[in-house]
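Below is one structure, written out as structure tokens; the observations come after it.
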Amino acid sequence: MKDGKFRILAINPGSTSTKVSLFEDETSVFERKLFHEASVLLKFSHVNDQMPFRREVILDMLKAEGVDPNTIDAFVGRCGGTHSQPSGVIRVDQNVYDDAVKGLDGSEHPAKLGVMLAWKFAEEFGKSAFTLNPTTVDELNDYARLTGIKGVYRFAHTHCLNQKAVAEFHAEKIGRRYEDCNFIVAHIDGGITVAAHEHGRTVDSNMGADGDGAYSPTRIGSLPVLTVLNYLETHSADDLRRRCTRSGGFVDFFGTSNSDTIHALVEKGDRKATLVWNTMIYQICKQIGEMAVVLCGKVDGILLTGGLVRFADLVEFIEKHCGFIAPVSAYPGEMEQEALGLSALKVLRGERTALTYTGRDVWQGFEGMDL
């Protein structure tokens, strides 16, 4: 604690960057987005292997900012890879860390490094660690789970942290409660997820890090199953897994995940870049249409968030194709850092109780049915 104020470090690893923010109570002292070129991250065979690299990047940044980690009261990190959990703030312990390392949700997503780094820093400096709304928050309806293969299910895997933060912010902005609204929220950045938020619950979404939905700067998006099988005749399963989260999309087309680089080509009229860029947005629009059906057309707003929303042509494309469904609102960037910091602050102040990680999935199957 500094000058009677709680100091909280929010750690948010993404597919192309590590975002770090220092808060003193509600005030953001600084926020740094440390970009990592895809070629650097691809040197690590597994996302877990990025831990030492990202840890040193964070410590170097803190040193440059003149911040002693010992003065930080709590570390809060983005979370993924664990058993599915209800929404809310969760106290991080060794079980959370161990399950994140295992990647129990089946994907190799860098979000889990947030909670892993938070826990290691908390251990090292003798402080508390928390997380909020992991990528595995499960509020799906049953129609969103079943597939055409017995025993194979769709599961919750979204940018839940940012999506809920933006939805809550927008609801307050229009003078309503998040729990009383229906929103379609599209997180558009290195990864892309589009979800239906029905009265405060994310009842359906694409599985962005699992080869589902629109392709993105680092991900392959949806592919026909037989096409995948043909691809696997000459490529390994590990290669395909990497393309799902790290080396698909722009990386495969252009050798970089840097959207500014690709968009600069679009602005110059490059035909390849324009086709790839607009196809990505086109696929996002199709996902938005799907979620409108989930909500029976009763949509109070389409909310666009994430780093790529800074590009005006992307927003205009979506407005043109989806504006008939509901008003489109753009919130470039993310609200994740503020949500992470404020959630930890409320726990430290005793204004909110942190959940205990259950170590088991929210959904336990279709009871009494052989599905």
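When each of Lys346, Arg349, Arg7 is paired with Asp25, the salt bridge (Lys or Arg N to Asp or Glu O under 4.0 Å) condition holds for Arg349 and for no other. In summary, of the residues considered (Leu9, Leu59, Leu22), a side chain to side chain contact (heavy atoms under 4.5 Å, CB included) with Val67 occurs for Leu22 alone. With respect to Lys112, the side-chain hydrogen bond (donor to acceptor under 3.5 Å, both in side chains) criterion is satisfied by exactly one of Thr135, Asn48, Thr82, Asp99: Asn48.
With respect to the salt-bridge test (charged N to carboxylate O, under 4.0 angstrom), the residues Glu124 and Arg55 qualify. The pair Arg243-Asp252 meets the salt-bridge criterion, since a charged nitrogen lies less than 4.0 angstrom from a carboxylate oxygen. At a threshold of 4.0 Å, the pair Arg145-Asp204 does not count as salt-bridged, since none of the basic side-chain nitrogens sits closer than that to a carboxylate oxygen. The pair Asp238-Arg241 counts as a salt bridge, with a side-chain nitrogen and a carboxylate oxygen less than 4.0 angstrom apart. A salt bridge links Lys19 with Glu334: the closest approach of a Lys/Arg side-chain nitrogen to an acidic carboxylate oxygen falls below 4.0 angstrom.
Within the 4.5 Å cutoff, no side-chain heavy atoms of Asn12 are placed close to those of Val20. For the pair Leu303/Phe169, no side-chain contact is recorded, criterion being any heavy-atom separation below 4.5 Å from C-beta on. You'll find the side chain of Lys33 stays beyond 4.5 Å of the side chain of Glu31, heavy atoms only. Side-chain contact between Pro134 and Ile90 is present, with heavy atoms from C-beta onward closer than 4.5 Å. The shortest side-chain heavy-atom distance between Asp142 and Phe366 falls under the 4.5 Å cut-off. Side-chain contact between Lys173 and Tyr331 is present, with heavy atoms from C-beta onward closer than 4.5 Å. No side-chain heavy atom of Cys244 sits less than 4.5 Å from a side-chain heavy atom of Arg219. At a threshold of 4.5 Å between non-hydrogen side-chain atoms, the residues Leu342 and Phe23 do not count as touching.
For the pair Ala171 and Cys181, the tightest heavy-atom approach, listed with the atom from each and the gap, is CB-SG, 4.3 Å. Nearest heavy-atom pair across Gly269 and Thr274 is C-OG1, 4.3 Å. The two residues Lys164 and Gly200 come nearest to each other via the heavy atoms NZ-O, 3.1 Å.
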**Study point:** From CA spacing to verdict: salt bridge (charged side-chain N to carboxylate O under 4.0 Å, His left out), Lys43, Asp49
**Key:** CA-CA 9 Å; Lys43 293 178 181 179; Asp49 299 331; over 6 Å; no
Exercise for review: Go through Ser247 and Arg242 one step at a time and tell me if the side-chain hydrogen bond (donor to acceptor under 3.5 Å, both in side chains) criterion holds.
Suggested key: CA-CA 6 Å; Ser247 61; Arg242 282 193 296 272; 5.2 Å; no
Exercise for review: Decide yes or no on salt bridge (charged side-chain N to carboxylate O under 4.0 Å, His left out) for Arg154 and Asp210, but give the supporting numbers first.
Suggested key: CA-CA 10 Å; Arg154 297 181 72 253; Asp210 304 271; over 6 Å; no
Point to revise | Stepwise side-chain contact (heavy atoms from CB on, under 4.5 Å) test for Glu65 and Met61 | key: CA-CA 6 Å; Glu65 296 289 342; Met61 183 275 298; 3.7 Å; yes
Review point. Do Leu140 and Val203 pass the side-chain contact (heavy atoms from CB on, under 4.5 Å) test, and can you show the C-alpha distance, the side-chain angles, and the key distance before you say yes or no?
Key: CA-CA 4 Å; Leu140 296 181; Val203 296; over 6 Å; no
Review point. When you look at Met51 and Lys120, which way does the side-chain contact (heavy atoms from CB on, under 4.5 Å) test go after all the steps?
Key: CA-CA 10 Å; Met51 272 281 287; Lys120 285 301 183 182; 4.0 Å; yes
Review point. Do His263 and Asp313 pass the side-chain hydrogen bond (donor to acceptor under 3.5 Å, both in side chains) test, and can you show the C-alpha distance, the side-chain angles, and the key distance before you say yes or no?
Key: CA-CA 10 Å; His263 197 262; Asp313 60 316; 2.8 Å; yes
Practice item. Would you sort out whether Glu319 and Val315 count as a side-chain contact (heavy atoms from CB on, under 4.5 Å), showing the intermediate values? Key: CA-CA 6 Å; Glu319 286 179 332; Val315 176; 3.9 Å; yes
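In the displayed structure, Arg360 atom CZ is contacted under 6.0 Å by at most 12 heavy atoms of other residues, nucleotides or ligands. Within 6.0 Å of CD on Glu123 lie more than 12 heavy atoms contributed by other residues, nucleotides or ligands. Within a 6.0 Å sphere centred on CZ of Arg310, heavy atoms belonging to other residues, nucleotides or ligands number more than 12. Heavy-atom contacts from other residues, nucleotides or ligands closer than 6.0 Å to CZ of Phe30 number more than 12. Atom NZ of Lys5 sits in a sparse spot, with 12 or fewer heavy atoms from other residues, nucleotides or ligands closer than 6.0 Å. Atom CD1 of Ile149 has 12 or fewer neighbouring heavy atoms from other residues, nucleotides or ligands inside a 6.0 Å radius.
Under a hydrophobic-cluster definition in which Ile, Leu, Val, Met, Phe, Trp and Tyr are linked whenever side-chain heavy atoms come within less than 4.5 Å, directly or via other members, Phe311 and Phe317 are assigned to the same cluster. Note: the hydrophobic cluster containing Ile192 also contains Leu304 (ILVMFWY, side chain heavy atoms under 4.5 Å, direct or indirect links). In this structure, Val29 is a member of the same hydrophobic cluster as Leu34, with clusters built from ILVMFWY side-chain heavy atoms closer than 4.5 Å. Under the 4.5 Å side-chain heavy-atom criterion for Ile, Leu, Val, Met, Phe, Trp and Tyr, Ile284 and Val166 are members of distinct hydrophobic clusters. Linking Ile, Leu, Val, Met, Phe, Trp and Tyr whenever their side-chain heavy atoms come within less than 4.5 Å puts Met335 and Ile174 in one cluster.
Taking the centre of each ring, Trp119 and Phe75 stay at or above the 6.0 Å mark. Taking the ring centroids of Phe53 and His36, they lie under the 6.0 Å cut-off. Checked against the 6.0 Å centroid threshold, Tyr97 and Tyr357 do not count as a close aromatic pair. Between Trp363 and Phe155, the distance from one ring center to the other does not fall under 6.0 angstrom.
Between the Thr227 side chain and the Leu223 main chain, no donor and acceptor come within less than 3.5 Å of each other. In terms of modelled atom types and a separation under 3.5 Å, the side chain of Asp189 and the main chain of Gly191 share no donor-acceptor contact.
In this structure, CZ in Phe183 is found 10.0 Å from NE2 in His199, a value given to the nearest 0.5 Å. Interatomic distance, CG of Leu345 versus CD1 of Ile8, reported as 4.5 Å (0.5 Å rounding). Note: Cys160 SG to His187 NE2 = 12.0 Å, rounded to the nearest 0.5 Å. Interatomic distance, Leu340 CG to Arg78 CZ, rounded to the nearest 0.5 Å: 9.0 Å. Taking CD1 from Ile288 and CD1 from Ile318, the interatomic distance works out to 4.5 Å, rounded to the nearest 0.5 Å.
There is no side-chain donor-acceptor pair under 3.5 Å between His170 and Asp300. Side-chain atoms of Thr193 and Gln163 include a donor-acceptor pair closer than 3.5 Å. Between the side chains of Glu139 and Ser87, a donor-acceptor pair is found at a separation under 3.5 Å. A donor and an acceptor atom, one from each side chain of Asn182 and Glu198, are nowhere located under 3.5 Å apart. If you check the side chains of Gln337 and Ser28, you find no donor sitting under 3.5 Å from an acceptor.
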